[in-house]
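Beneath this line is the structure, given in structure tokens, with notes to follow.
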Amino acid sequence: MLTACLEFVGLALCVTGSLLVMVACGLPMWKVTAFIDSNIVVAQTIWDGLWMSCVVQSTGQMQCKVHDSVLALARDLQTARALTIISAVLGVVALTVTVAGAQCTNCIRAEAVKARLVNAGGVIYILSGLFVLVPLCWLANNIIVDFHDPQVPPSKKREIGAAIYVGWAATAMLLFGGTLLCCSFSQVVRGAYPIKYAPTKTITANGDFDKRHYV
């Protein structure tokens with residue numbers, strides 16, 4: 001019972017984290033305009049994302065433009081694209097592996113194999129969280145350094161956008177959920193004896209159940 005509970009909670013956290021990684025990957029709000037001038041009246045807000053840049057007018061209108069060239073992007077954005085996509089793909093792979101070995105499925109009967117699959121799924125989820133954590137911290141560090149650099153003009157300064165915070169939340173869910181899946185593999189949780197399934201009842205030629213099962 002404890003094993004199934006840990007697997008359910010861990011899998012729910014990991015699936016939610018993988019979905020948030022995909023959301024953060026598509027959001028354009030990785031870098032947002034920093035309002036540091038004395039004039040509080042701002043005509044437009046600039047959002048910089050992995051795939052596009054958007055300009056939001058004070059009237060509510062928004063115009064977005066997809067990045068034309070990958071090679072023309074900054075190095076941190078190129079790395080963030082690659083690692084975020086890898087993290088999302090690993091999340092899908094980990095989901096397939098974990099579901100195949102979960103207690104609630106009958107894809108595999110051997111208890112030892114099921115435990116190893118769940119453990120492997122947890123490890124893949126942890127790797128997925130680490131892959132997305134690298135670009136998040138790298139971009140956040142660059143934003144903070146440029147913000148405090150006096151040589152960068154105020155119009156070029158940016159602040160940490162909502163997508164980075166969503167990515168950090170996704171990383172926490174992936175790491176914690178993957179750890180729960182790995183803990184469900186431990187012998188303390190699963191018990192000293194593997195689960196034994198009762199044999200199914202067979203039907204004889206005349207349509208009755210085999211009487212040997214009632215002895």
Side-chain angles (χ1 to χ4, degrees), residues 1-30 49-51 76-141 160-200:
M1 183 63 181
L2 181 59
T3 299
C5 182
L6 286 178
E7 289 181 359
F8 177 78
V9 175
L11 186 59
L13 288 174
C14 290
V15 171
T16 305
S18 296
L19 293 177
L20 290 180
V21 168
M22 298 177 186
V23 171
C25 181
L27 285 177
M29 294 173 289
W30 285 67
L50 302 181
W51 310 97
D76 54 354
L77 289 180
Q78 294 182 18
T79 306
R81 272 189 178 188
L83 294 182
T84 306
I85 292 176
I86 292 174
S87 175
V89 173
L90 286 178
V92 176
V93 174
L95 176 62
T96 305
V97 174
T98 305
V99 170
Q103 294 289 325
C104 58
T105 60
N106 294 323
C107 300
I108 299 174
R109 290 290 184 179
E111 184 68 16
V113 179
K114 291 170 71 71
R116 287 183 173 85
L117 284 177
V118 173
N119 183 49
V123 172
I124 297 175
Y125 272 125
I126 293 176
L127 290 177
S128 175
L130 295 177
F131 268 109
V132 75
L133 181 62
V134 172
L136 292 171
C137 295
W138 189 2
L139 280 173
N141 177 73
I160 298 175
I164 294 182
Y165 292 107
V166 172
W168 279 334
T171 301
M173 290 183 178
L174 288 172
L175 295 179
F176 185 63
T179 303
L180 289 180
L181 292 177
C182 292
C183 290
S184 65
F185 175 72
S186 63
Q187 196 71 5
V188 176
V189 176
R190 289 184 174 268
Y193 302 97
I195 299 176
K196 298 295 184 179
Y197 295 96
T200 57

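The shortest non-hydrogen separation linking Lys114 to Ala102 is NZ-O, 2.6 Å. Between Gly101 and Val118, the closest heavy-atom pair is O-CG2, 3.1 Å. The two residues Ser18 and Gly91 come nearest to each other via the heavy atoms OG-CA, 3.6 Å. Of all heavy-atom pairs spanning Val97 and Gly121, the tightest one is CG1-N, 3.9 Å. Residues Thr98 and Gly122 come closest through the heavy atom pair OG1-N, 4.4 Å. Heavy atoms only, all atoms of each residue included: Ala170 and Gly17 are closest at CB-O, 3.3 Å.
With values rounded to the nearest 0.5 angstrom, Glu7 atom CD is found 10.5 Å from Leu180 atom CG. Taking CZ from Phe176 and OG1 from Thr179, the interatomic distance works out to 7.5 Å, rounded to the nearest 0.5 Å. The distance from the CG atom of Leu20 to the CG atom of Leu27 is 10.0 Å, given to the nearest 0.5 Å. Rounding to the nearest 0.5 Å gives a distance of 11.0 Å between CD1 of Ile164 and OG1 of Thr171. With rounding to the nearest 0.5 Å, the separation of CG in Leu181 from CZ in Phe8 is 12.0 Å.
No side-chain heavy atom of Val21 sits less than 4.5 Å from a side-chain heavy atom of Met173.
Listed for the Trp51 side chain is no donor-acceptor partner under 3.5 Å among the backbone atoms of Arg81.
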Residues 123-141, side-chain donor-acceptor partners within the protein, below 3.5 Å, at least two apart:
from	atom 1	to	atom 2	distance (Å)
Tyr125	OH	Leu95	N	3.3
Ser128	OG	Ser87	O	2.8
Ser128	OG	Ser87	OG	2.8

